[in-house]
Visitor: 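Got a structure for you, questions after.
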Amino acid sequence: MKLHIIDEKKSSLKDTSYDNDNGKYMVDSQLQVCPFDEVKNWYVKNNIPFANPVPKSNDALFFGEKESFFIEFKNGKIDNGVNFEINKKIYDSLLILFDLNYVDADGNAVNSISYTRFNMNYILVYNEEIYLKAGPTRQTKEGFERQKERQVESKHRDKLYKTIRNLANEGLVKFGLDQFKNYLFKNVYTYTVEEFEKNFVNK
């Protein structure tokens, strides 16, 4: 029996975190995930070869025992334009996923936001040092207002705010991605590499 393209395409989390511009890996994990960029390329070739522009896609897709995750790695500077591109990757990735007729381990069809809203999470992993140098994007500031959070201006203050919100089970979400929680995804997380390894890789 032929594997579904999502099960057929496998890669380490490390490889999906590779930053082509700087020739660096963001994480070192050998956890096997679906490299969704490859799935997108296969989908375009077989279904929409004349699409212009070509859809964008998240880096990795992971189906765990209880929940699934879309994961995007951003090692470089995230300005307003890149921030908009991240949003487009989310929409394009979900539309492609829904059209692939994939069924999860429990036999549920992964074909609508009704599924992802209750079963799938989104994680953006970003470079903390570059973020602090560049400052928050417009979308981040708007997201902070929605989350009733003051602008974060330093690494220490950033960690303090995160600690307080985590104690209240309310993770601080950057880049305006909080808008997708309870809409397209069950939960949304924006993690530094250290936070990602602690809260996802090591678990």
Visitor: Quick check: closest heavy atoms across Asn127 and Met26, and the distance to 0.1 Å?
Guide: N-CE, 4.2 Å
Visitor: Is the closest side-chain heavy-atom distance between Leu61 and Val39 below 4.5 Å?
Guide: no
Visitor: Please, which pairs that meet salt bridge (charged side-chain N to carboxylate O under 4.0 Å, His left out) have at least one residue in residues 17-34, sequence neighbours excluded?
Guide: Lys14-Asp28
Visitor: With respect to Val188, which candidate in Asn182, Val173, Asp178 satisfies the side-chain contact (heavy atoms from CB on, under 4.5 Å) definition?
Guide: Val173
Visitor: For the pair Glu72 (side chain) and Val125 (backbone), establish whether a donor and an acceptor sit closer than 3.5 Å, ignoring hydrogens and angles.
Guide: no
Visitor: Answer with yes or no whether the side chains of Ser57 and Asp37 bring together a donor and an acceptor at under 3.5 Å.
Guide: yes
Visitor: Scan residues 1-40 for pairs that pass ring pair (Phe, Tyr, Trp, His ring centres under 6.0 Å), counting only residues two or more places apart or in two chains.
Guide: His4-Tyr102, Tyr18-Tyr25, Phe36-Phe70
Visitor: Got a donor-acceptor contact below 3.5 angstrom from the Ser12 side chain to the Gln30 backbone?
Guide: no
Visitor: For residues 196-203, which side-chain donor-acceptor pairs fall under 3.5 Å, sequence neighbours excluded?
Guide:
{"from": "Asn199", "atom 1": "ND2", "to": "Glu195", "atom 2": "O", "distance (Å)": "3.1"}
{"from": "Asn202", "atom 1": "ND2", "to": "Glu197", "atom 2": "O", "distance (Å)": "3.1"}

Visitor: Give a yes or no on whether the backbone of Leu184 and the side-chain of Thr116 come within a donor-acceptor separation of less than 3.5 Å.
Guide: yes
Visitor: With a 4.0 Å cut-off on N to O distance, would you call Glu85 and Lys74 a salt bridge?
Guide: yes
Visitor: Is it the case that the side chains of Asn83 and Thr137 hold a donor-acceptor pair, with the cut-off being a distance below 3.5 Å and no angle test?
Guide: yes
Visitor: Do Ser11 side-chain atoms and Pro35 backbone N/O form a donor-acceptor pair below 3.5 Å?
Guide: no
Visitor: Checking the side chain of Asn47 only, and the main-chain atoms of Tyr43 only, is there a donor and an acceptor separated by less than 3.5 Å?
Guide: yes
Visitor: Between Arg117 (side chain only) and Phe185 (backbone N and O only), is there a donor and an acceptor less than 3.5 Å apart?
Guide: no
Visitor: If the test is ring-ring contact (aromatic ring centres under 6.0 Å, His included), which one of Phe98, Phe180, Phe84, Tyr122 qualifies with Tyr91?
Guide: Phe180
Visitor: Checking the side chain of Asn119 only, and the main-chain atoms of Tyr115 only, is there a donor and an acceptor separated by less than 3.5 Å?
Guide: yes
Visitor: Could you tell me if the side chain of Lys181 sits less than 4.5 Å from the side chain of Asn187, heavy atoms only?
Guide: yes
Visitor: For the residue pair Asn58 and Ile90, establish whether any side-chain heavy-atom pair is separated by less than 4.5 Å.
Guide: yes
Visitor: Step by step, would you call Phe175 with Tyr131 a ring-ring contact (aromatic ring centres under 6.0 Å, His included)?
Guide: CA-CA 10 Å; Phe175 311 111; Tyr131 168 79; 5.7 Å; yes
Visitor: Without swapping roles, check the side chain of Arg138 against the backbone of Asp79 for a donor-acceptor pair under 3.5 Å.
Guide: no
Visitor: Quick check against the 3.5 Å criterion: does Asp106 have a side-chain atom that pairs as donor or acceptor with the backbone of Asn108?
Guide: no
